[in-house]
Amino acid sequence: MARLDLHLHSTCSDGRHAPAWVIRQAAAHGAELVALSDHDTLAGVEEAREAGEALGVTVVAAVEISVIHEPLGELHVLGYLPARDELDDLELKLAEYRDERLGRARRTLNLLRDLGAPIEEDAVMRHADGGVIGRPHIARALVDAGHVESVQEAFDRYLHNGGPAFVQRSVLSMEESIELIHDSGGFASLAHPTRYRETETSIESFAAAGGDAIEIYYRNDPPDVIANGERLANRLGLAATGGSDFHGIHPDEMPPATVPIPDYAAHRLIDLMKDLAS
């Protein structure tokens with residue numbers, strides 16, 4: 001079975017480990033092809049590609065973009081992209097998102113202060129370490145400050161969607177994100193659809209908006225869920241992607257390149273991705 005992982009995060013967004021470390025771990029598990037897909041940034045792609053070249057692993061540039069689709073709420077779109085020198089317009093839009101993330105983080109800190117769980121902005125910045133700021137960085141600062149015992153507790157008590165310290169972002173629509181990815185020469189996949197409130201409706205809406213694929217082989221989803229995703233993809237004319245969504249922050253995560261992807265799907269993905277990586 002071919003080893004792929006098309007959904008990986010690093011310290012360039014909200015992952016725990018540097019891009020090269022993530023690629024080394026994927027290689028240690030036999031990866032042939034991976035995609036670094038940090039939130040709203042391509043900053044780690046060059047380091048990941050250099051690590052991949054040294055290890056014989058093909059690395060594709062990717063990004064995960066949060067979108068709003070009414071009435072489904074916030075969804076995530078993975079964009080798989082060609083060489084960096086063709087991505088200037090996308091980089092400009094992602095820079096706007098990164099600025100917006102900082103404002104969101106500051107509003108979250110104000111809410112936490114009102115809730116009796118104050119943390120300093122500098123503490124969050126230290127965890128981000130120059131990467132794109134996300135809720136996991138705030139969660140780790142809450143642990144450091146003694147307000148919670150774990151990152152999971154921080155999300156459960158304060159930071160989950162709709163939680164008392166949750167701040168909604170200003171984000172693109174699904175159609176806008178897909179258009180942005182297509183204009184950059186890439187293709188768009190709906191990330192982890194089984195994690196949304198209305199899985200099938202989310203997938204159908206994504207297909208209607210011009211999406212190209214859905215993430216079917218995800219973490220430890222059971223066989224019946226995967227089979228249903230494959231049926232939906234076939235019915236809607238979508239490709240099937242897969243990945244671990246590795247961040248290195250939760251105890252139940254699967255390591256990079258350990259999500260099983262059947263050979264029939266893996267070979268199609270290898271062909272598709274290598275066209276982008278060349």
Side-chain angles (χ1 to χ4, degrees), residues 1-10 19 22-38 42 45 48-64 76-84 86 178 181-182 184-195 199 203-204 206-207 210-246 253-278:
M1 183 173 289
R3 287 288 185 184
L4 312 177
D5 197 324
L6 304 181
H7 194 166
L8 295 166
H9 296 277
S10 77
V22 175
I23 303 308
R24 287 195 297 270
Q25 288 298 302
H29 290 105
E32 299 175 31
L33 184 147
V34 300
L36 190 72
S37 54
D38 278 312
L42 296 166
V45 171
R49 279 183 170 156
E50 289 176 358
E53 286 174 6
L55 296 164
V57 178
T58 300
V59 176
V60 173
V63 64
E64 186 170 2
H76 291 184
V77 175
L78 291 160
Y80 298 102
L81 305 158
R84 284 182 61 90
E86 301 174 29
I178 293 169
I181 292 163
H182 286 172
S184 300
F187 79 96
S189 178
L190 182 64
H192 43 64
T194 57
R195 298 307 188 262
T199 294
I203 293 170
E204 290 172 342
F206 185 72
D212 306 296
I214 54 175
E215 191 172 45
I216 289 174
Y217 312 105
Y218 180 74
R219 288 191 178 174
N220 54 358
D221 278 352
D224 60 322
V225 170
I226 291 171
N228 186 57
E230 290 177 331
R231 285 192 294 271
L232 279 168
N234 289 333
R235 175 166 67 82
L236 296 168
L238 299 171
T241 64
S244 63
D245 198 5
F246 178 80
E253 289 186 59
M254 296 182 72
T258 61
V259 173
I261 299 178
D263 282 341
Y264 60 83
H267 293 316
R268 287 197 295 265
L269 284 171
I270 288 171
D271 290 341
L272 192 60
M273 293 291 171
K274 284 188 173 178
D275 285 343
L276 289 176
S278 61

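Residue numbers count from 1 along this sequence.
The shortest non-hydrogen separation linking A26 to V34 is CB-CG1, 3.8 Å. V77 and A188 make their closest contact through CG1-CB, 4.0 Å (heavy atoms, listed as atom of the first residue, atom of the second, distance). Residue A61 comes nearest to V45 through the heavy atom pair CB-CG1, 3.8 Å, listed as atom of the first residue, atom of the second, then distance. Closest heavy-atom contact between P82 and G186: CD-N, 4.0 Å. The shortest non-hydrogen separation linking A31 to V57 is O-CG2, 3.5 Å. When all heavy atoms of G210 and I178 are compared, the pair lying nearest together is O-CG2, 3.6 Å.
Side chains of V63 and L81 form a contact here, defined as non-hydrogen atoms less than 4.5 Å apart. Side-chain contact check for N220 versus M254: some heavy-atom pair is nearer than 4.5 Å. Under the 4.5 Å side-chain criterion, counting only non-hydrogen atoms from C-beta, D212 is in contact with H182. When side chains are defined from C-beta on, L236 counts as touching I203, because their heavy atoms get closer than 4.5 Å. Side-chain contact check for T241 versus L269: some heavy-atom pair is nearer than 4.5 Å. Side-chain contact between Y217 and P262 is present, with heavy atoms from C-beta onward closer than 4.5 Å. For the pair M273/L6, a side-chain contact is recorded, criterion being any heavy-atom separation below 4.5 Å from C-beta on. Between E64 and D38 there is no side-chain heavy-atom pair separated by less than 4.5 Å.
Ring orientation note: the planes of H7 and Y218 are tilted relative to one another, at an angle of 30° to 60°.
Of the inter-residue distances, the one linking F187 atom CZ with L78 atom CG reads 9.5 Å to the nearest 0.5 angstrom. To the nearest 0.5 Å, atom OG1 of residue T258 and atom CZ of residue R3 are 6.5 Å apart. We find the OG-CD1 distance between S10 and I23 to be 8.5 Å, quoted to the nearest 0.5 Å. Separating the CG atom in D5 from the CD1 atom in I261 is a distance of 7.0 Å, to the nearest 0.5 Å. To the nearest 0.5 Å, atoms CD (E50) and CG (L55) are separated by 12.0 Å.
Counting only distance, with no hydrogens or angles, the side chain of S244 and the backbone of F246 share a donor-acceptor pair below 3.5 Å. A donor-acceptor pair is defined here as one N or O able to donate and one able to accept, closer than 3.5 Å; such a pair exists between the side chain of T199 and the backbone of P193. For Y80 (side chain) and S189 (main-chain N/O), no donor-acceptor pair under 3.5 Å exists by modelled atom type. Here the side chain of N234 pairs a donor or acceptor atom with the backbone of E230 at under 3.5 angstrom.
Salt bridge annotation for E204-R235: present, with a cationic side-chain nitrogen under 4.0 angstrom from a carboxylate oxygen.
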Begin with the C-alpha distance, continue with both residues' side-chain angles, and end with the deciding distance and a verdict on side-chain contact (heavy atoms from CB on, under 4.5 Å) for T58 and E32.
-> CA-CA 6 Å; T58 300; E32 299 175 31; over 6 Å; no
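Contacts of D221 classified as side chain to side chain donor-acceptor pair (under 3.5 Å), with partners at least two apart in sequence or in another chain: T194, R195.
Residues H192 and E215 bring no donor and acceptor atom of their side chains to less than 3.5 Å of each other.
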